[in-house]
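These numbers were taken from a predicted model, which means no experiment stands behind them.
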Amino acid sequence: MLTAFSADISGQRIEVEIQPPTHYTPSVLSIRQQSGTFQLHADPDQLAEVEYAIRTYLKSIRYPETPDQQMILHAECNEAIEEGIA
């Protein structure tokens, strides 16, 4: 079965949640916005693929001049350790 859905939710407030699986249904990813709700029924492997695709996309659009907060934290921790040793 091939089905396609399209909705432009850019600029709108959304709520996202994942309902855990039950005995009768798989996990459900729900995206709610003003005009309705989109639900994706998927198993954990499929949800992991969705997560990977979103994370990969978001990493690809990071601007190089924007500092990575985790890298800043590591640099501050390393500096504090070096000062403590000296």
Side-chain angles (χ1 to χ4, degrees):
M1 177 173 93
L2 180 63
T3 305
F5 297 95
S6 178
D8 183 4
I9 60 172
S10 57
Q12 297 183 27
R13 186 175 163 272
I14 63 170
E15 295 177 20
V16 179
E17 74 173 349
I18 297 181
Q19 300 166 359
T22 67
H23 184 66
Y24 302 104
T25 62
S27 300
V28 179
L29 169 65
S30 295
I31 302 172
R32 275 189 228 100
Q33 52 111 5
Q34 186 176 4
S35 63
T37 301
F38 171 78
Q39 291 186 329
L40 175 66
H41 296 248
D43 62 39
D45 291 337
Q46 292 169 318
L47 290 175
E49 287 183 42
V50 170
E51 182 269 342
Y52 178 76
I54 292 170
R55 185 174 305 280
T56 301
Y57 170 72
L58 292 175
K59 284 182 179 180
S60 74
I61 63 171
R62 280 190 182 168
Y63 297 101
E65 64 272 7
T66 304
D68 182 359
Q69 296 302 315
Q70 192 65 37
M71 288 176 58
I72 293 171
L73 178 63
H74 285 302
E76 290 173 354
C77 289
N78 289 337
E79 183 177 324
I81 290 170
E82 289 174 5
E83 288 176 3
I85 292 173

Legend entry - Non-neighbouring partners of His74 that pass side-chain hydrogen bond (donor to acceptor under 3.5 Å, both in side chains), sequence neighbours left out: Gln70
Inset, instruction - Please name the pair of heavy atoms, one in Ser27 and one in Pro21, separated by the smallest distance, quoted to 0.1 Å. - result: OG-CD, 3.3 Å
What residues, two or more places apart in sequence or in another chain, satisfy side chain to side chain contact (heavy atoms under 4.5 Å, CB included) together with [X]?
X: Gln34; value: Gln12
X: Ser30; value: Glu17, Gln19, Val28, Thr37, Gln39
X: Ser35; value: Gln33
X: Tyr57; value: Ser60, Ile61

Legend entry - Backbone N/O of Glu79 and side chain of Glu82: donor-acceptor pair under 3.5 Å: no
Would you mind writing out the side-chain donor-acceptor pairs for residues 48-55 within the sub-3.5 Å range, not counting sequence neighbours?
{"from": "Glu51", "atom 1": "OE2", "to": "Arg55", "atom 2": "NE", "distance (Å)": "2.6"}
{"from": "Glu51", "atom 1": "OE2", "to": "Arg55", "atom 2": "NH2", "distance (Å)": "2.9"}

